[in-house]
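In what follows, every chain begins at residue 1, and chains take the letters A, B, ... in the order their sequences are listed. These numbers were taken from a predicted model, which means no experiment stands behind them.
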2 protein chains.
Amino acid sequence: MNTLAEENYLKCIYHLSADAGIVSTNQIAASLNTKASSVTDMLKKLADKVLINYTRYQGVSLTPAGEKIAVGIIRKHRLWEYFLVEKLNFKWDQVHDMAEEMEHISSEELIDRLDEFMGHPKHDPHGDPIPDCNGKFKSAELKPLSTLTVNQCGVISGVRDHSSPFLQYLEKQQLTIGKTITITDIIEYDHSVALKLEANKEIHISREVANNLLIAL
Amino acid sequence: MNTLAEENYLKCIYHLSADAGIVSTNQIAASLNTKASSVTDMLKKLADKVLINYTRYQGVSLTPAGEKIAVGIIRKHRLWEYFLVEKLNFKWDQVHDMAEEMEHISSEELIDRLDEFMGHPKHDPHGDPIPDCNGKFKSAELKPLSTLTVNQCGVISGVRDHSSPFLQYLEKQQLTIGKTITITDIIEYDHSVALKLEANKEIHISREVANNLLIAL
DNA sequence: TAAAAAATTTAGACTAATCTAAAATATGGA
DNA sequence: TCCATATTTTAGATTAGTCTAAATTTTTTA
């Protein structure tokens with residue numbers, strides 16, 4: 001079908017274009033830890049396969065065919081993450097690298113059966129939505145915690161940073177998916193945030209943490 | 001660690017040396033559907049890494065390090081096959097190609113947790129023994145059904161041919177792992193075998209089938 | 001709006017894994 | 001034991017993906 005490298009480029013372009021629409025060569029190079037010249041080579045190949053729209057110097061976007069492949073890989077990634085956490089008892093900060101390998105197992109039937117085995121979960125352990133077998137999914141309207149105001153209340157529903165250190169920090173602070181929080185104070189000076197957890201526990205987080213925590217109102 | 005190709009060569013050499021001890025370049029080429037010259041190149045690389053014992057024109061065997069890697073891959077393959085059949089309800093003739101991909105997922109912790117999740121199974125769906133996390137396993141003393149004599153009785157415990165058509169045929173004849181059979185007749189003319197299944201059902205199989213069915217006495 | 005800076009592409013080279021064709025070595029039968 | 005045949009290795013080429021360095025194009029800014 002497609003090579004490992006091709007799949008990784010498509011997935012990367014998909015994620016980057018969520019923010020930007022059109023994605024630049026340098027963005028891809030930075031995201032994949034490779035060089036811009038390598039990216040250019042691959043873009044030509046993907047354009048030949050009609051998986052991306054590409055004109056020299058003008059950046060790229062996915063074609064419908066390319067997007068379909070990317071979403072399929074993301075579906076696999078998130079289902080395997082769910083499996084690793086729910087069935088094999090891994091922590092949410094341990095599963096990313098394993099899922100990064102498992103997302104390239106090719107069988108569609110395998111992933112559909114895995115989906116069924118787990119009861120068609122709607123979200124992965126980090127709160128990201130899992131596309132269904134047709135690639136459909138709706139991403140909830142989430143806002144960074146940093147955009148809330150005092151007394152606003154919401155449910156932790158996602159993260160913008162998937163790194164282990166960040167996830168471990170959240171775990172320690174009990175700031176995990178599904179928890180309800182209420183903003184009690186916002187410090188003008190450094191934009192840090194004080195908030196109340198369910199058991200009335202008060203905690204205080206930096207602006208950066210608040211920026212990377214996504215809340216459903 | 002090691003590349004996909006290296007892992008496949010090591011696994012292949014492991015399987016071939018079960019019969020022969022020392023394995024020839026041509027045997028490997030035939031088994032991997034590649035050319036002898038490609039095999040020679042890879043053998044040099046594996047010898048440099050001290051994963052095989054290799055002298056030009058003299059065939060190869062695995063070093064302890066090479067065998068350890070091969071057994072690790074086989075452990076993964078068989079555990080994933082067990083998972084696919086027991087948890088995702090695939091048939092025993094459907095799982096080989098998927099496991100062929102999954103055996104290269106690198107995490108040791110993943111495979112150990114999978115092993116635990118499934119209750120440390122001792123055999124895969126085809127009756128092959130699953131090495132434990134130290135690479136230890138004992139293969140039962142199995143004999144091809146074709147070597148039994150009239151009135152001998154035993155339990156179907158393995159197959160020598162893992163191809164879908166053979167496994168599907170066995171399934172249809174209810175000749176599956178764990179079934180007890182008794183030889184009722186051996187036809188001199190073509191060495192075909194008549195046998196009795198548990199429910200006193202009588203069936204008749206060719207010499208070739210009898211050769212590929214492994215029995216524990 | 002033109003020069004400087006940044007981004008991108010091209011050119012040429014490298015590695016891993018493969019191939020074909022030719023050369024070298026081993027083996028088995030007369 | 002020697003030759004024909006089979007097996008294996010070498011030589012040289014190819015493809016995918018990557019790299020560095022140089023050239024080109026775009027963007028910024030003065």
Using a 4.0 Å heavy-atom cut-off, does Ser38(B) contact any base of the nucleic acid, only the sugar-phosphate backbone, or nothing at all? base
Report yes or no: is the cationic atom of Lys87(B) (NZ for Lys, CZ for Arg) under 6.0 Å from the centre of the six-membered ring of Phe117(B), at an angle within 45° of the ring normal? yes
Can you name the one residue among Ile111(B), Leu114(B), Leu110(B) that meets side chain to side chain contact (heavy atoms under 4.5 Å, CB included) with Ile105(B)? Leu110(B)
Please, which pairs that meet ring-ring contact (aromatic ring centres under 6.0 Å, His included) have at least one residue in residues 22-68 of chain A, sequence neighbours excluded? none
Tell me the interatomic distance from Asp41(B), atom CG, to dT20(C), atom P, rounded to whole angstroms. 13 Å
Is Ser37(A) near enough to dT18(D) that one of its side-chain N or O atoms lies under 4.0 angstrom from OP1 or OP2? no
I want to check one thing: is the phosphate of dT9(C), taken as OP1 and OP2, less than 4.0 Å away from some side-chain N or O of Lys44(A)? no
What parts of residues 50-62 of chain B reach DNA chain C, counting only heavy atoms under 4.0 Å away? Tyr57(B), Gln58(B)
Length of the CG-P vector between Leu4(B) and dT18(C), whole Å: 9 Å
Between dT15(D) (P) and Lys49(A) (NZ): distance, integer Å: 15 Å
Using 4.0 Å as the upper bound for N to carboxylate O, is an ion pair formed by Asp115(B) and Lys76(B)? no
Atom-pair distance (CG on Leu32(A); P on dT18(D)), nearest Å: 8 Å
Does His96(A) form a ring-ring contact (aromatic ring centres under 6.0 Å, His included) with His77(A)? I'd like the steps, not just the answer. CA-CA 8 Å; His96(A) 186 267; His77(A) 184 102; 5.0 Å; yes
Taking atom types as modelled and ignoring hydrogens, do the side chains of His162(A) and Asp128(A) form a donor-acceptor contact shorter than 3.5 angstrom? yes
Taking the side chain of Lys35(A) as heavy atoms from C-beta outward, which of dT20(D), dT20(C), dT18(C) is closest to it? dT20(D)
Does Asn26(B) have a side-chain nitrogen or oxygen under 4.0 Å from the phosphate oxygens OP1 or OP2 of dA6(D)? no
Rounded to whole Å, CG of Leu43(A) lies from P of dT18(D) at a distance of 11 Å
Should Ser24(B) be listed as having a side-chain N or O under 4.0 Å from OP1 or OP2 of dT7(D)? no
With a non-hydrogen cut-off below 4.0 angstrom, is Ala36(A) in contact with a base, only sugar-phosphate, or nothing? base
Taking atom types as modelled, is there a side-chain donor on His204(A) or Ser192(A) under 3.5 Å from an acceptor on the other? yes
Could you tell me how far apart Ile22(B) (CD1) and dT27(C) (P) are, to the nearest whole angstrom? 12 Å
Between OH of Tyr9(A) and C1' of dA16(D) the distance, given in whole Å, is 11 Å
In whole Å, I'd like the distance from the CG atom of Asn33(A) to the C1' atom of dT18(D). 13 Å
Strictly below 4.0 Å: does Thr40(B) bring a side-chain N or O up to OP1 or OP2 of dT9(D)? yes
